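Reviewing the structure listed below.
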Protein chains: 2
Amino acid sequence: MKKGQLTREMILSRAAALFNTEGYSKASLSDIMAATGLEKGGIYNHFGSKEQLMLEAFDYAVRQGGARIKQQVDAQPTAESKLCAVIDAFATLSQESPVPGGCPVMNTAIESDDSMPELKERAKAAMQRLLKFIEQIIKDGIAEGEFKEDIDAAESATLLIASLEGGLMLSKLFSSASKTRPLQTFWKNEIRSWTRRRKQ
Amino acid sequence: MKKGQLTREMILSRAAALFNTEGYSKASLSDIMAATGLEKGGIYNHFGSKEQLMLEAFDYAVRQGGARIKQQVDAQPTAESKLCAVIDAFATLSQESPVPGGCPVMNTAIESDDSMPELKERAKAAMQRLLKFIEQIIKDGIAEGEFKEDIDAAESATLLIASLEGGLMLSKLFSSASKTRPLQTFWKNEIRSWTRRRKQ
């Protein structure tokens with residue numbers, strides 16, 4: 001890896017943490033300079049504008065979060081255990097996340113949905129990928145005979161992700177992981193009910 | 001109502017709409033001036049600071065949203081139909097809300113949770129009231145023999161609200177109410193399963 005590339009990744013990592021905790025609008029150029037150790041000129045040399053840095057930092061945060069979830073899912077053998085790995089990955093996000101501040105897709109969705117169209121489009125695309133990722137796990141489970149055929153994969157993916165994102169918001173707001181524990185249990189039971197042979 | 005009070009409510013209404021769509025940080029003092037038609041001095045005369053206006057506008061937005069939900073719930077006779085009214089109220093929030101921009105509690109929770117302690121405390125208190133409100137409907141349903149006794153009212157309230165808030169976030173992100181339709185059906189069926197005599 002070239003020195004220039006490493007620096008760019010480091011800037012993105014620090015900017016992503018700043019934006020994901022403070023918000024894109026609240027983080028000023030001087031906050032970004034303080035977080036990255038760069039001068040104003042250095043930031044513009046790398047990214048051209050604060051807006052461009054925001055977009056790239058969002059992509060960076062999504063890559064990090066996505067890689068973490070994918071790694072945990074890939075380690076599991078069945079569709080049920082893969083979905084449980086997603087539930088567990090979300091459960092840890094309120095305390096500890098690859099990029100501090102919780103789920104960058106939800107944070108960006110909420111901040112951008114009425115006022116920042118370019119960021120909103122990226123958040124929308126990232127959320128669509130997450131939903132498709134979950135939907136595919138469910139479809140594979142059905143195709144391989146693990147899940148019942150009447151499970152609607154797209155609807156179930158939407159339901160699960162809505163619940164996990166909302167639960168994460170509550171956990172962060174109440175600074176308490178215990179807020180989401182019943183939610184994890186509920187969904188793990190629900191997913192178990194999708195399997196053709198119910199485990200005891 | 002005195003003229004001064006009317007003006008204060010009007011400022012809060014416009015400021016709440018601005019903050020709930022743009023976000024507290026993105027809305028500048030000149031945005032607030034443009035939205036309210038007030039000069040800088042007029043805003044400071046009424047509220048002392050932007051921070052104070054933010055807090056009062058948040059309270060205003062919560063009062064409006066809370067009154068809307070309460071009105072729809074109070075019109076229903078049973079615990080089941082009251083909870084369905086909550087689900088329907090959330091479903092309309094992505095398209096049309098008393099204060100534009102969706103749920104002010106979730107929006108404020110996400111924006112404030114890592115960086116604005118005073119707003120976060122208000123969002124936390126408002127969310128706690130919402131959860132208690134739902135919990136009480138469920139408890140009343142149990143006490144009156146409508147719901148089964150083994151339903152955990154607090155946990156069920158958390159689950160329902162997490163799901164509705166997450167669903168609202170998805171609906172707004174995808175600019176599509178159809179995203180939450182399966183979620184509404186799912187929860188209405190789930191709530192029906194809590195009743196002692198299951199309706200067909």
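Computed from a prediction, not measured in an experiment: that's the story for all the values here. Just so you know, these numbers use all the heavy atoms, side chains as well, and skip hydrogens, waters and symmetry mates. Proteins get letters first, then strands, A, B, ... in listed order; numbering begins at 1 in each.
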**Message:** Checking side-chain polar atoms at under 3.5 Å, does A:Y24 have a donor or acceptor matched by the opposite partner on B:S25?
**Reply:**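 No, because no side-chain N or O of A:Y24 sits under 3.5 Å from a partner of the opposite role on B:S25.
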
Heavy-atom distances under 4.5 Å only: say whether [X] touches chain B with side chain, backbone, both or neither.
X	result
A:L131	side chain
A:Q128	both
A:D152	neither
A:L170	side chain
A:Q184	neither

Within the 4.5 Å heavy-atom criterion, are [X] and [Y] side-chain neighbours or not?
X	Y	result
B:H46	B:L38	yes
B:L83	B:W187	no
B:F47	B:R8	yes

Among [options], which has the most heavy-atom pairs under 4.5 Å with chain A?
options	value
B:S156, B:S163, B:S112	B:S163
B:E121, B:E155, B:K124, B:E165	B:K124
B:I110, B:D113, B:T180	B:I110

**Item:** Interface moiety of B:L173 toward chain A, non-hydrogen atoms closer than 4.5 Å
**Value:**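 Both parts, backbone and side chain.
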
**Message:** Tell me whether A:K172 is salt-bridged to B:D114, with the criterion being a basic N under 4.0 Å from an acidic carboxylate O.
**Reply:**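 A salt bridge is present here (some side-chain N lies under 4.0 Å from a carboxylate O).
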
**Asked** Is any side-chain N of the basic residue among A:E111 and A:K26 closer than 4.0 Å to the acidic one's carboxylate O?
**Response**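 Salt bridge absent between A:E111 and A:K26.
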
**Message:** Tell me whether the rings of A:W194 and A:F147 are parallel (<30°), tilted (30 to 60°) or perpendicular (>60°).
**Reply:**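 Perpendicular.
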
